[in-house]
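Read the structure below first, then the notes.
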Amino acid sequence: ELKVEQNPLFLSMQEGKNYTIYCNYSTTSDRLYWYRQDPGKSLESLFVLLSNGAVKQEGRLMASLDTKARLSTLHITAAVHDLSATYFCAVDMYETSGTYKYIFGTGTRLKVLA
Amino acid sequence: SQTIHQWPATLVQPVGSPLSLECTVEGTSNPNLYWYRQAAGRGLQLLFYSVGIGQISSEVPQNLSASRPQDRQFILSSKKLLLSDSGFYLCAWSSGLYEYFGPGTRLTVT
């Protein structure tokens, strides 16, 4: 069974600080997704990492993928209040029906304090 | 561009009542469609997915069912709601790589 674990589950950090969210998964997968969810809202796609060593950056967020370690990281640089949200990682699994299904991590609830 | 719609946006239903949530996608054909449930403060649980009309794969049998009567329409149903069915229901579509989520339906079972 494919499992996706994130840590930490909760993160409270000061504005201007750096921090990293970790996403571990239990089986081989070459693709890793990061999403953001604001309270009461749907999920917004942040990054899709397609291969080992992939790195994507958008603003203060940078995501990387190590498929050999089955690990992805989401690094936050100089956090600002607007980054407060819940962040999910997900991996996909190919099904014999001819599609992919997506398995999500538990989520990391980030709160950036002014 | 592709758009995904869900309705209703919010729903309050008594225990034992039926349920029907609808999801439609515009701007693409033959999408893979997904239903997820998110309990309060929790992660996403995949309920059903579909690769085509009438083709439904179930991840969580329980008292929910799904149907895909048209290429871009995905319906989540229940004959009798339980308290534990409360949550945020998200529909999503995928072309095989990226997954796009609808705005969600917040269901409260009382």
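If you chain together hydrophobic residues whose side chains sit under 4.5 Å apart, B:Val25 and B:Ile56 fall into the same group. One hydrophobic cluster, built from ILVMFWY side chains closer than 4.5 Å, cannot hold both A:Tyr33 and A:Ile76; they sit in different ones. Put simply, B:Tyr89 and B:Tyr49 are part of the same group of oily side chains (I, L, V, M, F, W, Y) that touch within less than 4.5 Å, one to the next. Note on A:Met62: it does not cluster hydrophobically with A:Ile21, by side-chain heavy-atom contacts below 4.5 Å among ILVMFWY residues. Under a hydrophobic clustering in which Ile, Leu, Val, Met, Phe, Trp and Tyr are joined whenever their side-chain heavy atoms come within less than 4.5 Å, directly or via other members, A:Phe104 and B:Leu46 fall into the same cluster.
For residues 106-114 of chain A, a heavy-atom distance under 4.5 Å to chain B picks out A:Thr106, A:Arg109, given by residue number.
Listed by chain and number, the residues in a ring-ring contact (aromatic ring centres under 6.0 Å, His included) with A:Trp34 amount to none (sequence neighbours excluded).
For A:Glu44, no part sits under 4.5 Å from any heavy atom of chain B, backbone or side chain. Interface remark: B:Tyr100 contributes no atoms to any contact with chain A (heavy atom separation under 4.5 Å). Heavy-atom distances place no part of A:Ile103 under 4.5 Å from chain B, backbone and side chain included. Only the side chain of A:Gln37 comes within contact range of chain B, with heavy atoms under 4.5 Å apart. Heavy atoms of A:Phe88 lying under 4.5 Å from chain B belong exclusively to its side chain. Both the backbone and the side chain of A:Lys101 come within less than 4.5 Å of a heavy atom of chain B.
The line from OG1 of A:Thr86 to CD of B:Gln38 is 8.0 Å long, rounded to the nearest 0.5 Å. To the nearest 0.5 Å, atoms OH (B:Tyr34) and OG1 (A:Thr99) are separated by 3.5 Å.
A ring-centre distance under 6.0 Å is found for B:Phe101 and A:Tyr35.
More than 12 heavy atoms of other residues, nucleotides or ligands shown are found within 6.0 angstrom of CE on A:Met93.
The most heavy-atom pairs under 4.5 Å with chain A, out of B:Ser50, B:Gly102, B:Ala92, come from B:Gly102. Ranked by heavy-atom pairs under 4.5 Å with chain A, the list B:Ser94, B:Gly104, B:Gly52 is led by B:Ser94.
Looking at A:Val48 and B:Tyr98, their side chains come closer than 4.5 Å, going by heavy atoms from C-beta outward.
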